[in-house]
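Some notes on the structure that comes next.
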Amino acid sequence: MNLFRLVGDMTHLLSIVVLLLKIRSTKSCAGISLKTQELYVLVFLSRYLFFFTRYISLYNSIMKLVFIGTSIAIVWYMRYHKVVKQTYNKDEDTFKHYFLILPSFVLALLIPHAFNSVEILWTFSIYLEAVAILPQLVLLQRSRNIDNLTGNYVFLLGAYRALYILNWVYRFYVEDHKVRWIPWLSGLAQTALYTDFFYYYIKSWKNRELLKLPA
């Protein structure tokens, strides 16, 4: 494992910690898209569905369990916690996220990593993760003020994917890594979705202003 991969994983993990910290400390999920979080549950379950049949390393196993467990916990808080669920912006979180699921699955059937159930589900998770942030970004555009924890969560989530691109570049040139078009192109598309957010996030941080996205 190279440094880019490790820092990417830790950044991803930190984004989840920041989100859980926001929910637990403030008893609020305002500004967080439940639909994006539900898509992440589907991403991790489909990607790691065969967790118990494929052992790679202790690190890999722990990270899989953490991502599955935390994604389910976040959705539980937003749907069922008696205080947190009352702060959910249902009227603003209106992106039709199910329109992302079917095309991702169809694309996985047409262009999978390999033609077997495990690889089709893995490919589906890659395609779906690339667009899972869309409901969250749309919700942020509709929010007048974005609190620091929510902004930091989305920034770290985008930074994790950008670091993974550096990981792929490093592995390709240093480790003679094979070309893997599916995660590479999906990762580039996913990172591109964050570019507008990155610009306004850095601008607000530089000017010490509240983060706002153009409607």
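By convention here, the first residue in the shown sequence is residue 1.
Using a 3.5 Å distance cut-off with no hydrogens or angles, the side chains of Tyr59 and Asp9 do pair a donor with an acceptor. The closest side-chain donor-acceptor pair between Tyr77 and Arg24 falls under 3.5 angstrom. Between Tyr164 and Arg5, the side chains place a donor N or O and an acceptor N or O closer than 3.5 Å (distance only, hydrogens not considered).
Ile32 approaches Leu19 most closely through the heavy-atom pair CD1-CD1, 3.5 Å. Nearest heavy atom pair, residue Tyr160 against residue Glu129, reads OH-OE2, 2.7 Å. Nearest heavy atoms, Ile182 versus His113: CD1-N, 3.6 Å. Scanning both residues, Ile146 and Leu213, for their nearest heavy atoms gives CD1-CG, 4.1 Å. Nearest heavy atom pair, residue Gly187 against residue Ile165, reads O-CD1, 4.0 Å. Nearest heavy-atom pair across Gln136 and Thr36 is N-OG1, 3.0 Å.
Considering CG of Leu163 and CZ of Phe4, their distance stands at 8.0 Å, rounded to 0.5 Å. Between atom CD1 of residue Ile126 and atom CD of residue Gln190 there is a gap of 8.5 Å, rounded to the nearest 0.5 Å. In this structure, the separation between CZ on Arg161 and OG1 on Thr191 is 6.5 Å, given to the nearest 0.5 Å. One distance of note links OG of Ser33 with CG of Leu39; it measures 7.5 Å at 0.5 Å rounding. Note: Asp196 CG to Leu140 CG = 11.0 Å, rounded to the nearest 0.5 Å. One distance of note links CD1 of Ile23 with OG of Ser28; it measures 8.5 Å at 0.5 Å rounding.
Contact of the His12 side chain with the Met63 side chain is not registered, since no non-hydrogen atoms from C-beta on lie closer than 4.5 Å. In this structure, Glu38 and Met78 have side chains that are not in contact, with every pair of non-hydrogen atoms separated by 4.5 Å or more. Residues Val17 and Thr70 have side chains not in contact (no heavy-atom distance under 4.5 Å, counting atoms from C-beta outward). You'll find the side chain of Phe155 stays beyond 4.5 Å of the side chain of Ser15, heavy atoms only. Side chains of Phe95 and Leu100 form a contact here, defined as non-hydrogen atoms less than 4.5 Å apart. Looking at heavy atoms from C-beta onward, Ser104 lies out of side-chain contact with Phe99 at the 4.5 angstrom threshold. The side-chain heavy atoms of Val131 and Tyr127, taken from C-beta on, include no pair separated by under 4.5 Å. Side-chain contact between Tyr40 and Ile133: present, with at least one pair of heavy atoms (C-beta onward) separated by less than 4.5 Å.
Around CG of Asp91, the count of heavy atoms belonging to other residues, nucleotides or ligands within 6.0 Å does not exceed 12. Other residues, nucleotides and ligands contribute more than 12 heavy atoms inside 6.0 Å of the CH2 atom of Trp76.
Residues Leu137 and Tyr98 do not share a hydrophobic cluster, clusters being chains of Ile/Leu/Val/Met/Phe/Trp/Tyr side chains in contact below 4.5 Å. In the hydrophobic clustering of ILVMFWY residues, with side-chain heavy atoms under 4.5 Å counting as a link, Trp168 and Trp181 come out together. One hydrophobic cluster holds both Tyr194 and Leu14 under the rule that ILVMFWY side chains link at heavy-atom gaps under 4.5 Å. Note on Met10 and Leu156: same hydrophobic cluster, where clusters join Ile, Leu, Val, Met, Phe, Trp and Tyr whose side-chain heavy atoms are under 4.5 Å apart, directly or indirectly.
Evaluated for a side chain to side chain contact (heavy atoms under 4.5 Å, CB included) with Asn2, the options Asn167, Val174, Val7 yield exactly one hit, Asn167. Partner Tyr201 forms a ring-ring contact (aromatic ring centres under 6.0 Å, His included) with one of Tyr199, Phe197, Phe198 and no other, that one being Phe197. Between Leu45 and the choices Val41, Leu42, Val43, the side chain to side chain contact (heavy atoms under 4.5 Å, CB included) rule is met once, by Val41.
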Tyr173 vs Val169, side chain to side chain contact (heavy atoms under 4.5 Å, CB included): CA-CA, chis, key distance, verdict: CA-CA 6 Å; Tyr173 286 104; Val169 172; 3.9 Å; yes
Glu209/Lys203 under salt bridge (Lys or Arg N to Asp or Glu O under 4.0 Å): CA gap, chis, key distance, verdict: CA-CA 8 Å; Glu209 300 172 343; Lys203 181 181 178 182; over 6 Å; no
Chi angles and distances behind the side chain to side chain contact (heavy atoms under 4.5 Å, CB included) call for Lys22, Asn152: CA-CA 10 Å; Lys22 167 190 166 67; Asn152 292 339; over 6 Å; no
Working for side chain to side chain contact (heavy atoms under 4.5 Å, CB included), residues Ile74 and Ile16: CA-CA 9 Å; Ile74 291 167; Ile16 295 172; 4.3 Å; yes
Tyr80 and Val75: CA distance, side-chain angles, deciding distance, side chain to side chain contact (heavy atoms under 4.5 Å, CB included) verdict: CA-CA 8 Å; Tyr80 302 112; Val75 170; 5.9 Å; no
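Of the possible donor and acceptor atoms, one in the side chain of Thr87 sits under 3.5 Å from a partner among the backbone N and O of Cys29. The backbone N or O of Asp93 lies less than 3.5 Å from a partner atom in the side chain of Lys35, making a donor-acceptor pair. Ser57 contributes a side-chain N or O that, together with a main-chain N or O of Asn60, makes up a donor-acceptor pair within less than 3.5 Å. Judged by distance alone, with hydrogens and angles left aside, the side-chain atoms of Glu92 form no donor-acceptor pair with the main-chain N or O of Leu139 at under 3.5 Å.
Ring-plane geometry between Phe105 and Phe124 is classed as perpendicular, the angle between the planes exceeding 60 degrees on a 0 to 90 degree scale with a lower cut at 30.
Arg47 forms no cation-pi arrangement with Phe44, by the criterion of a distance under 6.0 Å to the ring centre and an angle within 45° of the ring axis.
The ring of Trp184 has its center closer than 6.0 angstrom to the ring center of Phe172.
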